[in-house]
Trainee: 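Mind having a look at this structure? Questions to follow.
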Amino acid sequence: MKHHSILRVVSKLLIPPIILYALYVQWHGDYGPGGGFQAGVVFAVAFILYALVYGVDEMMRILPPRLLHALAGIGVLIYAGTGVVTMLLGENFLGYNVLAHDPKHGQEWGIIVVELGVGITVASVMMSIFIAFACHNPPIKDEEW
Amino acid sequence: MTNHPNGKTEGMPPLARLLSGFDKPRNVTRLFYLLLAVCIALGLADFLYHKHGYFAVEEFPAIYGLFGFVAYAAVIFLAKGLRLIIRRPEDYYEPFAIDTEDERAAGSDPEATGGKPHA
Amino acid sequence: MLDIIVTNLPALQVVVPLVAAPVCAMLGRGDRSWAFATLVSFLTFAISVSLFVAAYGGEPISYEMGGWAPPIGIEYRIDVLNAFVLMIVSGIAALVMPYARRSVASEIPAERQAFFYTAFLLCLTGLLGVTITGDAFNVFVFLEISSLSTYALVASGAWRNKRALTAAYNYLIMGTVGATFFVIGIGMLYMITGTLNMADLAVRIAEHGDSRTLRMGFVFIFIGIGLKLAMFPLHLWLPNAYSFAPSAVTSFIAATATKVAVYVLLRFMFTVFGFDYAFQASTLENVLLPVAIVAMFAASLVAIFQDDLKRMLAYSSIAQIGYMLLGLAFLTHTGLVATIVHLFNHAVTKGALFMVAGCFVLSAGTSSISSLRGVGRDMPWTTAAFVAGGLSLIGLPLTVGFISKWYLVQASLELGWWPVALLIMGSSLLAVIYVWRVVEAAYLQPAPEGVIRREAPLSMLVPAWILVGLSIWFGIDASLTTTAASRAADTLIGSSQILWQE
Amino acid sequence: MPEIGTPALVYMVAALIVPFVRPATLRQILLLAVPVLGLLTFWQLPYGTYGTFNLMNMHVGLMRLDALSYVFGLIFSLAAFLALLYAWHVRDTVQQVATLLYAGAGLGAVFAADLVTLFVFWEGTAIASVFLIWARRTEGAYATGMRYLIMQVGSGVILLAGIVLFYRETGSIAFSRMDLESPATWAIFLAFGIKCAFPLLHNWLQDAYPAATITGTVTLSAFTTKLAVYALARGFPGTELLIYIGATMTLFPVFFAAVENNLRRVLAYSLNNQLGFMVVGVGIGTPLALNGTVAHAFCHILYKALLFMSVGAVMYRTGTSKASELGGLYKSMPLTMIFCVVGAMSISAFPLFSGFISKSLILSASADTGHFFVWLALVVASVGVLEHSGIKIPYFTFFAHDAGHRVKEAPFHMLLAMGITAALCIGLGVFPSLLYGILPYAVDYTPYTVTHVVTQLQLLLFAGLAFAVLIRTGLYPAEIRSVNLDFDWTYRRLLPAALSGVAYLVQGTWRFASRIVMGRVDSLIAGVYRAHGPQGPLARTWPTGSMVLWIAVLLGMTLVLAYI
């Protein structure tokens, strides 16, 4: 890919806006269209684009699969943890009302945190899947078939 | 008890030595007469006490004794007759019948019989 | 604190394994994740036992997710029936986990075990979620969680036999078809009623009355779940999935996954579609009854000719599912009791048998019946467990299998369908044949020379024997299971209108 | 001891453990401890029903403790202990486990409060006991065991059929007094009858007991038939039919025993004859008669075990139990001889021996109720008992012509077992109140009256005199190696012969028909295999397409149904 200078320059230019857009979708998910699922995918796309242009190894230097797996788990934990916190505060599971002094604020906080968890998980799972396909390092080698 | 007299008593357990004169013909005859005497005495004893029977026939003196004697003889003779009908050679139910198999298989002491070790 | 736990038990039932799954993935090493997952499975079992105790006597427990009231929010609704199923699922999981350590260690490389247990916990989450939820769409979601993780679990058999990958892929395709049918059905229901809550659905369907869309919806849901529960001609995914999956997985999903699907079918038939007796009855009588009877025979016959023990048991499972569907097809109280009792009994029996098969795989390296010759002498306890489980499969008195058959025969006689009763007994004879084939190989044939097979480790034997013990215990004293089943049948009938017209 | 439902459990658990206990001595000690522990489970328990639960809406009670079952439980435990002590030398775990299971099942059956439990243990005794025969490990023993098993399991199957019918008639499975008025009770009666060796159903007994191992026979003699007597006493007391069945039972074995050469078979016939007394007692059904039955069963188990033990000890040392091969053994085995004579005198009902105090109860009961001919039959049978068990067994074994066996005295543990049993026989004879005190009904009976003692002695001694006379005159039938026909001839010879005759006639047709049928069956199996075999269409699982096709078919079918 070294000689595809146009692709490299353009992608370098594109990646920051993509991430920014992903973050926008993420943080406006509570009252506008969007949310963790979409944001996660868009966010992952930025890194996948990077990997396509610069190679998977480069991407894995930033985000090793181990970290991605952990992030996927952490995302779920953030989601479920919110539910547990509301439970501990005396509401039902995922009953956000108690998260702030005002139920409306509570709902907002709750959604944002939950969506964050979703977003992290989706992004890291997307990237994991991409790496799994892109790396020629499957758990079962071709010769073994 | 008519069989080859065996005067030797050595090698026998002490208790057996005590009994060892038992099968001498002279002693067997003595024993027989002793039994006869006891029987007669028992028959006569019926006259000495008041019998409590369930049935009238029991009142007859020595009826139990006579009945025992007759019934015993009857059983023997009937059995002898029966044997004429039902007796068959030992291998009648062959194969797979225990009657002709080595009985030691049932768990005899292998030393004492000098036989082969069995189950 | 205790108060919080008690009020949130229904949520915890699902949340605990759900939260545990990612944690398990992050723990890394095999042993640590195993220990953690085992702990979680015990915890889950404890929760479901307390839920069962709470639901056994009184009213159904209702739990509102996120505090949103039922028709809009998601509701978890626990009555005797699903509390019973929850207990089966989590109980089997709690027994499979201790069993899994040695079995998994021999079948899956150490660095992958953490993910294996993660998938296992997710599968457990899914199955529990399907059972506990009172929301139709939520059923679909959890069904997918359990199915997806099951695909992964089946595929993880690939380290032992590469065909597991193909089996998992086939299962994925077929399972997805089933799930799609199911979601189409739910879509149709939503189209008509505008609600997804089961209780609310029932009310609105009753108000709405009969319509073609509704019937379409019913048929799609019926077929979709039929595939998930391996109803006879739709069973093709099952033998491969069961025989190529790792042993621990097989004993877990064989004992739980299809049972949960049967539960969903019961729930939709009675609680949701309580609207049209004649139509449902005709579907049951003309489709389910023949399908069930054919399953009892065809699958048993196939089992007779199989050489692989796990495969044989898999076909036997299909036949046993035939019994459960048969009880449902009777559409009487006794029939339902038979179905629910068999649900439990078969879970226990088949769980034990697949565990035994796993022991054979561990020690003999294979589960083919011809290579199990003479194994009765090398592995007496394992083989004895198989014999006891096999007796239950046949339905001998003093085993749970007998209790199920007893109720089935009784149900068929109540209706005067004595040919069906005869067929039930006839198919038991087929079970005698395929169980006997194994017993003959294990006890009567000489062991192949030079083969060393050691008795399975205690950690595997004990769970298998616990299940065998249960299958005998509840075969002798069936009062708990039959009473629970009878109450569950009462709830089902009470929640529907279809049987009222009788 | 904690309440554990049924003492059978102790035996079952022990049977599980025993095969794994090493060394052998520890195992023997454990074995001996089992009957003691079993006894402790019900020894001090107040009367009542224990271990009750609901089995599919039927009330099951594992242990019903009342006066009747208590006596039987006691004697069964005692018999199990003595048999195990006698078998101290046996190292064969098959026999040890079988003995435990058999005794346990016997106890379980005696305590069963309901018919289902009874059935389970009833079959248990059958299946466990056959191993005592098979343990001889010869082909003859195997065939005999099979015949025995068929009869015993047949009894169980008939019992089960009876129970099912009974349940359908009455809706209850409680085991209590029944009347012979429906097919159900007749079936149950027949099942009991087979195990009790009723005439024409008796051959399994004479067939099997001589075939078992030496120690096995001792065990066998105690449980099966007495269990049947118990079951009859529980279920059919006062059934008049039983009086005549019992009277026949006391008489006919006498003749067979007189000409039988195998001493263990002689004892089996004698066992049958003794059962007759008990059955008569059940048939009369008055408290006195039932007391007599129970007492006789109690004493009988002891002295019959003693006789089997002494003949067994002789067999253990000499390797044979045939009268024609034995004789003169008192010189080698004097103690065994004395114990044998004690057993012989007990079974012949000499005063001061246990038979005297129990048999008189039944005789008196029959006379009390005015059954003259029955009473007469019993008296004749008593003479017969003297003949084959009282005289023939000890005489031909220990006296008669010396067969030349010079062997050691029986091993110590056998002597000990025999000694204890002999002591019990005499003890019960001398102190009848020991036994009378535990009988189901209050006993108002004095066995030792002048009349009774004198008449009994007359009967026995004059009969003995007859024997002496016959021996001296050479009229007594000599012991000859032979097989004597009995009713088993019908199924061991007549039936096979008849079958082969019929088979010959039918063969032609059969061959013709079978060729066609077999052809059909073969093609059917082949067809089934084509469809269901590993390569058959029904076992194909890989094509996803066919699955989708099936979904379509099923969906279509259901939709069509939905729209009709």
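Naming: A, B, ... by sequence-line order, numbering from 1 per chain. As the structure is a prediction and not an experimental result, all values here were calculated from the model.
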Trainee: Side chain, backbone, both or neither: which part of V57(B) has a heavy atom under 4.5 Å from chain D?
Mentor: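 For V57(B), the side chain is the part near chain D, not the backbone.
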Trainee: Flag the one option from P210(D), A466(D), S332(D) with the top tally of heavy-atom pairs under 4.5 Å to chain B.
Mentor: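 The residue among P210(D), A466(D), S332(D) with the greatest pair count is A466(D).
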Trainee: Which atoms of F55(B) are under 4.5 Å from chain D, going by heavy atoms: the side chain, the backbone, both sets, or neither?
Mentor: side chain
Trainee: Just wondering, do E90(B) and K322(D) contact through their side chains at under 4.5 Å, heavy atoms?
Mentor: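 They are in side-chain contact.
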Trainee: Drop me the distance from S108(B)'s OG to R317(D)'s CZ, to the nearest 0.5 angstrom.
Mentor: 10.0 Å
Trainee: How far apart are the C-alpha atoms of R481(D) and D91(B), what are their side-chain angles, what is the distance that settles it, and do they pass the salt bridge (charged side-chain N to carboxylate O under 4.0 Å, His left out) test?
Mentor: CA-CA 10 Å; R481(D) 297 186 72 122; D91(B) 56 0; over 6 Å; no
Trainee: Side chain, backbone, both or neither: which part of L36(B) has a non-hydrogen atom closer than 4.5 Å to chain D?
Mentor: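 Looking at L36(B), backbone and side chain both touch chain D.
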Trainee: Among the options L251(D), L460(D), D207(D), D368(D), pick out the one with the most heavy-atom pairs lying under 4.5 Å from chain B.
Mentor: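 Most heavy-atom pairs under 4.5 Å with chain B: D368(D).
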Trainee: Measure from the side-chain N and O atoms of K80(B) to the backbone N and O of V259(D), and report whether any donor-acceptor pair falls under 3.5 Å.
Mentor: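 Judged by distance alone, no pair lies under 3.5 Å.
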Trainee: Nearest 0.5 Å, what's the OH-CG distance between Y92(B) and N484(D)?
Mentor: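 It comes to 11.5 Å.
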Trainee: Indicate yes or no: at least one non-hydrogen side-chain atom of F32(B) is less than 4.5 angstrom from one of R472(D).
Mentor: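 The answer is yes; the side chains approach within 4.5 Å.
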Trainee: Do you know which of I214(D), T455(D), N262(D), T213(D) has the most heavy-atom pairs with chain B at a distance under 4.5 angstrom?
Mentor: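 Answer, by heavy-atom pair count under 4.5 Å with chain B: T455(D).
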Trainee: Which one wins on heavy-atom pair count under 4.5 Å against chain D: A74(B), A73(B), P89(B), G81(B)?
Mentor: P89(B)
Trainee: Hey, what do you get for CD1 (I63(B)) to CG (L459(D)), rounding to the nearest 0.5 Å?
Mentor: 10.5 Å
Trainee: Step through the shown structure and confirm whether more than 12 heavy atoms of other residues, nucleotides or ligands are within 6.0 Å of CD on E59(B).
Mentor: yes
Trainee: Measure Y64(B) against the heavy atoms of chain D and call it side chain, backbone, both or neither at under 4.5 Å.
Mentor: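 Both backbone and side chain.
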Trainee: Please evaluate residues S364(D) and Y54(B) with respect to the criterion side-chain hydrogen bond (donor to acceptor under 3.5 Å, both in side chains), reporting the C-alpha separation (whole Å), side-chain torsions for both, the decisive distance (0.1 Å), and the verdict.
Mentor: CA-CA 8 Å; S364(D) 300; Y54(B) 294 98; 3.3 Å; yes
Trainee: Are any of the side-chain heavy atoms of L485(D) and R87(B) separated by less than 4.5 Å?
Mentor: no
Trainee: Mind checking whether V380(D) and F67(B) have side chains closer than 4.5 Å, heavy atoms only?
Mentor: yes
Trainee: What part of V38(B) gets closer than 4.5 Å to chain D, counting heavy atoms only: side chain, backbone, both or neither?
Mentor: side chain
